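The chain is numbered in sequence order, starting from 1. The model shown is predicted, which means the values in this text are computed figures rather than measured ones.
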Amino acid sequence: MNPGNQKFEITDIAHPEYPFLHRIRALRDIGTDVKAGDLGGFVEGEHNLSHEDDAWICDDAIAANGAFVTDGTLMRDQAVICGEARAYKAVLSGYARVEDHARVDGGRIEDCARLSGHGMAAAIAPSKYPILSGECTVHGIVSGNVLVTSQAVVLGDETIVNEALDRLVVTERGRGIERSPDRDRLVPSAEYFGYDPPKQGRGRERKEAQR
């Protein structure tokens, strides 16, 4: 890699508990919040964090082993990614942990949630992304507008997908729907579709006028 393209360097500041990890320092401005010279979180090596985008590790967050953080992902607080896990377009915060061969793509992992094994949390649209929170543990696949929280467990052979606008909430007690009050409000077609759709019957009227 061209040294001029590097966005961070690894400092001599070792982690107090894991001395094989060292803090990073930004070599240039990254996004809107990270300025050149700012200290970040901890990595084991340059292979843990992409130089090619705005992904960043801050506070006391950790990326270790063969884990890779990229594509605008933000890690903060005490979050950890390790093993051979991958994080794309994600936010990891609190004491969240993404480990083993897990992958998060467009989701949020927060609190004390764990994404483990070959688990995956993936968005299906910018507004339809999974959130893992509380003390949940996910080994399976969670995709779309889903909140897994509290002490819920998603096993390795389970797949939970929700493409609806209403959020599916999964806890250790069961599943429910979190519906926004705005969903019960009717809006004009121009707002719903983003444009004025042709009214039904206009096409038939034109055809009759041409006869």
Side-chain angles (χ1 to χ4, degrees), residues 15-18 20-21 40-44 47-50 55-179:
H15 191 280
E17 184 177 358
Y18 305 109
F20 59 91
L21 302 171
F42 295 89
V43 299
E44 188 169 354
H47 62 279
N48 293 132
L49 176 62
S50 172
W56 188 244
I57 302 168
C58 60
D59 301 325
D60 290 324
I62 292 172
N65 309 134
F68 185 50
V69 178
T70 187
D71 208 1
T73 291
L74 173 63
M75 291 185 64
R76 59 177 183 244
D77 304 324
Q78 307 281 337
V80 173
I81 185 169
C82 59
E84 297 181 65
R86 298 287 185 268
Y88 307 85
K89 298 186 292 290
V91 177
L92 280 60
S93 62
Y95 291 89
R97 191 177 183 96
V98 179
E99 57 192 2
D100 305 325
H101 299 275
R103 169 174 171 156
V104 52
D105 190 350
R108 280 170 36 198
I109 318 294
E110 56 193 29
D111 300 329
C112 296
R114 289 177 179 266
L115 184 63
S116 307
H118 289 272
M120 182 171 69
I124 57 176
S127 62
K128 296 178 182 179
Y129 57 88
I131 301 173
L132 276 55
S133 69
E135 298 178 354
C136 74
T137 301
V138 174
H139 287 259
I141 297 173
V142 178
S143 179
N145 198 3
V146 181
L147 168 62
V148 184
T149 188
S150 191
Q151 295 181 329
V153 175
V154 179
L155 299 176
D157 60 351
E158 289 186 282
T159 298
I160 301 174
V161 179
N162 181 33
E163 299 182 8
L165 294 174
D166 300 319
R167 187 174 293 278
L168 173 64
V169 180
V170 180
T171 72
E172 73 275 17
R173 296 183 178 182
R175 300 177 182 181
I177 293 294
E178 185 179 90
R179 183 177 174 88

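- Closest non-hydrogen pair, Asp111 versus Ser133, comes out as OD2-CB, 3.4 Å.
- Surrounding CD of Gln78 are more than 12 heavy atoms belonging to other residues, nucleotides or ligands, all under 6.0 Å away.
- Listed here is the closest heavy atom pair of Leu21 and Ala63: CD2-O, 4.2 Å.
- Looking only at distances, no side-chain donor or acceptor of Asp59 sits under 3.5 Å from a matching main-chain atom of Arg76.
- The heavy-atom pair separating Val170 from Ala152 by the smallest distance is O-CB, 3.7 Å.
- In this structure, the side chains of Phe68 and Ile81 stay at 4.5 Å or more apart for every pair of heavy atoms.
- Taking the six-membered ring where tryptophan is involved, the planes of His15 and Phe42 are perpendicular, since the angle between them exceeds 60° and thus also 30°.
- In this structure a side-chain-to-backbone donor-acceptor pair under 3.5 Å is present from Asn48 to Ala67.
- With a 6.0 Å radius and a threshold of 12 heavy atoms from other residues, nucleotides or ligands, Glu158 has its CD atom above the threshold.
- Contact annotation: the side chain of Ser143 never approaches that of Met120 to less than 4.5 Å [non-hydrogen atoms, C-beta and beyond].
- Using modelled atom types, one side-chain atom of Asp77 and one backbone atom of Gly94 make a donor-acceptor pair closer than 3.5 Å.
- Closest of all the heavy-atom pairs between Gly106 and Pro130 is O-CD, 4.2 Å.
- In this structure, Gly117 and Asp100 approach most closely via the heavy-atom pair N-OD2, 2.8 Å.
- Summarising the geometry, atom SG belonging to Cys82 is positioned 5.5 Å from atom CD belonging to Glu99; distances are rounded to the nearest 0.5 Å.
- Ion pairing between a basic and an acidic side chain is recognised when a charged N comes within 4.0 Å of a carboxylate O; Asp71 and Lys89 show such pairing.
- Within the model, atoms NZ of Lys128 and CG of Leu168 stand 13.0 Å from one another, a figure rounded to the nearest 0.5 Å.
- A donor-acceptor pair is defined here as one N or O able to donate and one able to accept, closer than 3.5 Å; no such pair exists between the side chain of Thr73 and the backbone of Ala55.
- Taking 4.5 Å as the limit, some side-chain heavy atom of Ile160 sits within range of a side-chain heavy atom of Arg175.
- The side-chain contact (heavy atoms from CB on, under 4.5 Å) test with Val98 singles out one residue from Leu115, Leu132, Val138, and that residue is Leu115.
- A pairwise comparison of heavy atoms in Glu44 and Asn65 identifies OE1-N, 2.7 Å as the closest pair.
- The shortest distance between side-chain heavy atoms of Val91 and Glu110 does not fall below 4.5 Å.
- Between the CZ atom of Arg167 and the CD1 atom of Ile177 there is a distance of 10.5 Å, given to the nearest 0.5 Å.
- Taking CG from Asp105 and OH from Tyr129, the interatomic distance works out to 14.5 Å, rounded to the nearest 0.5 Å.
- In this structure, the separation between CG on Leu49 and OG1 on Thr70 is 8.0 Å, given to the nearest 0.5 Å.
- Between Leu92 and Leu74 the shortest side-chain heavy-atom distance does not fall below 4.5 Å.
- Here Arg114 contributes atom CZ and Cys136 contributes atom SG; the two are 10.5 Å apart, rounded to the nearest 0.5 Å.
- In this structure, the side chain of Asn162 engages the main chain of Asn145 through a donor-acceptor pair within 3.5 Å.
- The main-chain N or O of Glu84 is found under 3.5 Å from a side-chain atom of Arg86 such that the two form a donor-acceptor pair.
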